[in-house]
Amino acid sequence: MKSARQKAMVGKVIVYLILFLLAAFMIVPFLWMLSSSIKSDREVFQMNPFVWIPKNPRWNNYVEIWKRMDFTRYIGNTAFLTVVVTFLQLLTSSFAAYSFAKLHFKHKDKLFLAYIATIAVPWQVYMVPQFIMMSNVFHLNGKLTAMICLQAFSAFGVFMMRQFYMGIPDELCEAARIDGMSEYMIYLKIMLPLSKPSLATLTIFTFVATWNDYLGPLIYLTPNKANWTIQLGIKNSFIGQYSSQYGLLMAASVVSLIPVLIVFLILQKNFVEGVASTGIKG
Amino acid sequence: MSEMKKREETKEVAASNIALIKGREQKERRRTLIALSFIAPNFIGFAVFTLIPVIFAFVLAFTKWDGSNPIQFAGIANFTKLFSDQFFLAALKNTIIYCIGTVPLTLIASLALAILLNQQIRGRGIFRTIAFFPYVASLVAVTAVWKMLFSQSGPVNAILYYIFHVENKDLPQWFVGNLVMVSYILFSVWKFMGYYMVIYLAGLQGISKELYEAASLDGANTWQKFASITWPQLKPTTFFVSVMLTINCFKVFDVATLLAGGDNNTLTVSSTVLVHYIYQKGFIEWDLGYASAVAMVLFLLVLAVTLIQFRGEKNYANS
Amino acid sequence: MKKRKLISAVMACSMVLALAGCGGNGSTPTTQTTTTAETTQTETTTPATTEGQTTTQAEASGDTITLKWAIWDQDATPYWMALKDAYEAKNDNVTIELIDLGSTDYMTVLATQLSGSTSAFDVVTVKDVPGYATLVQKNTIEPLDDYISAANIDLSLYGGATDQITVDGKLYQLPFRNDFWVLFYNKDLFDKAGIDYPTNDMTFEEYDALARQVSSSDFGSSVYGAHYHTWRSAVQLFGVLDGEHSILSGTYDFFKPYYELVLNQETDNICRSFTNLKTEGLHYSAAFSGGDVAMMNMGSWFISTMIANLQSGDYDSSLCGNWAIAKYPHAEGVEAGSTLGTITGIAVTTGASDKDAAWDFVEFVSGTEGAKVMAETGNFPAIMTSEAMDIISSLEGFPQDEQSKAALEVSNLYLEVPYAENVSEINSILDSYHSSIMSGEMTIDEGIAAMNDAIGKILNP
């Protein structure tokens with residue numbers, strides 16, 4: 001009896017040991033960001049010797065970033081984009097995914113494959129035709145709407161949600177159908193509540209992707225300074241032709257990372273056993 | 001008489017059959033319409049903003065175009081040029097090596113991490129967030145840290161020197177020559193395992209607790225539980241993770257330019273990858289036709305791999 | 001015939017995409033965008049410069065004109081505003097609207113915007129020659145020859161730079177900024193070693209010997225005699241200074257002695273290793289201002305960086321405060337003062353709403369008036385008048401010795417990248433193999449052979 005408990009103890013200790021080692025390995029970049037954000041530009045890349053806390057920490061960097069660019073505005077733009085895109089993405093993806101996972105129609109597999117196939121095409125290839133279309137047909141160049149149109153209907157979300165719905169037994173839907181529930185109700189009353197963890201995942205991914213996106217805003221929003229996003233603002237304000245201000249860049253990056261971490265910390269609570277498994281029999 | 005009756009009967013049967021079929025057809029059509037109504041909101045946006053430009057890009061592979069002047073048809077000239085293009089061949093080879101190394105390693109690492117962080121442990125949320133750090137932290141920071149770890153006089157080489165007694169002159173240069181691919185792979189596993197961990201975490205929540213309880217009653221050990229419950233139950237998730245990993249690995253770009261590119265994004269024949277070459281051809285040289293041709297090759301490769309994975313999933317679904 | 005059909009099919013596709021075409025462009029020539037279904041390029045593009053341009057409508061009568069000007073790093077670069085203010089002060093009916101596209105991906109963003117519509121900007125700054133080649137080939141900027149001859153502009157003022165960017169006899173941009181490479185050195189380190197400073201007339205052998213003399217590997221106070229940034233210009237282009245060789249020649253055996261010079265220095269610890277520089281991302285400014293680099297070849301733009309950072313205290317003046325410049329070293333038998341140049345140009349877009357007004361601004365910026373503004377902000381104008389030179393050398397913080405001032409005189413200027421049809425491609429191939437050679441992935445001979453092979457294929461397909 002005792003030895004079993006001891007065994008369990010040893011196991012726990014090992015698990016924690018592994019966790020702390022991994023965590024140490026993973027947290028370094030964040031610590032580096034924090035450390036660099038209070039350094040001067042020269043100190044940031046100084047390697048020999050590398051110091052974590054500089055002699056004269058420049059806390060002022062965190063004040064300076066608000067003066068050097070219209071940070072509030074960029075945060076506002078980015079937050080607006082992120083919220084709208086994430087909302088549309090969740091709604092349309094989970095909707096379409098239900099159909100791909102649980103309903104039947106001709107050429108379903110082919111259409112689905114077409115979805116996945118577009119993910120495999122690098123954006124760099126169709127960016128120019130897309131840009132010409134967006135600016136000449138839809139006249140969206142420089143507008144935040146352009147970013148919403150491009151990011152809200154991704155194939156990625158559909159693919160991911162479909163995979164999660166595939167894991168939910170068909171019998172559950174069949175039973176509801178026999179009870180006379182319409183497909184829309186099944187989606188609303190059965191699938192959505194069951195897919196909380198996957199909705200959380202999609203929210204996290206869409207949020208991070210939109211929040212941190214650089215290339216999209218670079219192409220579509222650069223000419224219109226009023227619509228710059230955080231990433232665009234940071235890069236254009238602190239990376240210059242001949243010299244870059246890495247201290248300020250890192251301070252701004254730390255600030256812009258905070259919302260992402262908060263969102264993650266809140267949403268990861270959905271990854272709890274039991275939420276999804278109630279009522280499902282494997 | 002009886003014959004007539006019979007005939008009428010058959011007629012009736014036929015009619016009711018037709019009605020039945022018609023009814024079924026109608027039902028079928030209704031079902032299809034409902035199914036499509038679910039897809040429509042996403043599909044319309046997707047088709048207009050993504051699918052059309054993608055199809056256009058495919059057409060471009062057979063043309064010569066710089067984005068401004070009229071498009072000129074070029075037949076398969078772009079493709080014939082590909083196979084004598086040293087940089088393309090090098091990029092293709094490097095990308096494939098990178099994928100072979102990165103996909104399985106990341107898959108295993110992220111699944112292990114997810115299982116570990118799905119246990120009842122204190123501070124689980126914090127640990128999960130930390131695991132997600134390398135993915136969300138600023139790219140400049142992530143690469144700076146990685147380069148620091150693997151630099152000539154960095155900690156990794158120090159370990160080799162002090163613990164494994166590698167001679168000073170034999171210490172590896174991690175970002176040059178053959179080793180550069182190893183750096184890419186290790187870096188990617190580290191950076192992306194947190195991302196795929198999140199997907200696995202969500203997938204793990206879909207597995208019913210009762211399954212494990214039943215297995216425990218049968219006296220199954222941890223490994224048996226994993227092999228007979230966790231792994232098979234995670235199949236759809238694993239399919240998703242492996243497809244996305246494959247696609248994302250084939251599209252590797254940032255990792256290469258940041259680790260080996262230097263300040264003017266220059267990659268050599270041993271460090272170049274396909275999407276970097278596409279970028280180079282497309283946006284530096286504005287040879288969009290040729291860039292599309294390179295992308296076609298990449299696309300066909302990914303498609304082939306995905307189809308194999310797709311078949312794997314189908315087999316699972318049927319069994 | 002089949003081909004024709006296919007072409008029209010492709011065209012149809014592109015029509016769908018560009019449905020509304022250049023909606024909003026109004027009067028501007030739309031021939032350069034995808035809407036045109038012409039399959040030949042030649043007949044589409046002769047712009048309206050010849051007809052009636054020279055005597056056109058007397059410069060705007062009362063109506064205000066707004067010119068959209070594409071630039072980068074607005075906040076960090078004082079001359080954009082200075083040029084705008086100076087021009088607007090002279091022309092009160094014109095407003096210059098600065099549009100900041102950021103420096104990192106400037107040429108990519110600019111070319112993409114112009115692919116969408118050539119009227120996105122009226123005047124564009126052209127950051128480098130590969131970018132210039134792109135804009136010219138995409139028919140997004142106007143040839144300026146007619147304007148130039150009408151305005152009687154003396155191109156010889158540009159010291160030969162314009163000849164190196166002429167495309168089929170036509171000039172599509174005028175330079176307004178010209179940076180050239182000089183040798184920066186840290187006087188303190190020479191003093192400490194008791195060695196004479198570099199002179200304005202050094203051969204490469206003398207330069208190499210000096211670098212070796214001044215360097216020291218004493219623990220704690222090691223000094224690198226030389227420093228080469230990771231760009232290929234810092235090494236390869238020693239080879240083009242004799243005026244006989246060019247990076248467009250297709251054979252690159254003349255790079256060899258210079259690769260040997262630098263790689264030998266690297267082996268002997270005279271300079272930092274290329275691989276470490278690339279891995280650690282050490283910026284040249286950090287290297288030089290760190291106080292352990294005796295000599296560094298770099299562009300003249302670094303002069304104003306040094307001055308500004310020493311004044312603000314970002315650079316430690318006890319480490320690098322006592323700096324000066326000298327002329328570039330040269331090959332045996334070649335005149336001193338030959339050096340590499342990098343020009344920044346300004347051009348009129350083909351979709352500009354008022355080309356004459358746009359040209360007038362281009363003429364101002366690239367001319368002597370613009371040159372004065374540039375010099376006053378501490379930058380090197382493309383027209384290097386003695387007045388401009390005096391302004392720069394009397395800037396506060398500019399090295400006080402006579403030699404540094406004399407180092408600003410350039411006898412022959414070779415562009416880092418002169419114009420050629422495939423210059424972007426050639427440029428990236430040279431970049432790539434430069435990295436291969438410097439990092440030791442290839443030997444010098446292998447690398448040069450690979451350059452010869454790859455670029456030979458482009459030049460003689």
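In what follows, every heavy atom counts, from backbone to side chain, and hydrogens, waters and symmetry copies are set aside. Protein chains get the first letters and strands the later ones, always in sequence-line order, with residue 1 at the start of each.
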Fill in the blank from the handout: In terms of heavy-atom pairs under 4.5 Å with chain B, the winner among C:Asp105, C:Thr108, C:Val423 is C:Thr108
Exercise for the section: Please check if any side-chain donor atom of B:Gln72 sits under 3.5 Å from a side-chain acceptor atom of B:Thr63, or the reverse. Expected result: no
Problem - Qualifying residue, where the test is ring pair (Phe, Tyr, Trp, His ring centres under 6.0 Å) with C:His434 and the options are C:Phe274, C:Phe255, C:Tyr252 - result: C:Phe274
Exercise for the section: With the side chain counted from C-beta on, respond yes when C:Ile141 and C:Val348 share a heavy-atom pair under 4.5 Å apart, and no when they do not. Expected result: no
Handout entry: Contacting moiety of B:Phe62, where chain C heavy atoms sit under 4.5 Å
Key = neither
Practice task
Taking the side chain as every heavy atom from C-beta outward, state whether C:Met438 and C:Leu263 have any pair of such atoms under 4.5 Å apart.
Solution key: yes
Exercise for the section: Give, as side chain, backbone, both or neither, the part of C:Ser273 having an atom under 4.5 angstrom from any heavy atom of chain B. Expected result: neither
Practice task
Name the region of B:Gln280, side chain, backbone, both or neither, that has any atom closer than 4.5 Å to a heavy atom of chain C.
Solution key: side chain
Handout entry: Check: B:Trp190 ring centre within less than 6.0 Å of B:Trp146 ring centre
Key = yes
Practice task
With a 4.5 Å cut-off on heavy-atom pairs, point out which of C:Gly440, C:Ser424, C:Pro130 contacts chain B the most.
Solution key: C:Ser424
Exercise for the section: Heavy-atom distances under 4.5 Å only: say whether C:Ser436 touches chain B with side chain, backbone, both or neither. Expected result: both
Practice task
Could you look at C:Thr134 and say if it's the side chain, the backbone, both or neither that has a heavy atom under 4.5 Å from chain B?
Solution key: side chain
Practice task
Taking the six-membered ring for Trp and the single ring otherwise, decide whether the centroids of B:Tyr277 and B:Phe88 are under 6.0 Å apart.
Solution key: no
Handout entry: Under 4.5 Å from any heavy atom of chain B - which part of C:Asp431
Key = both
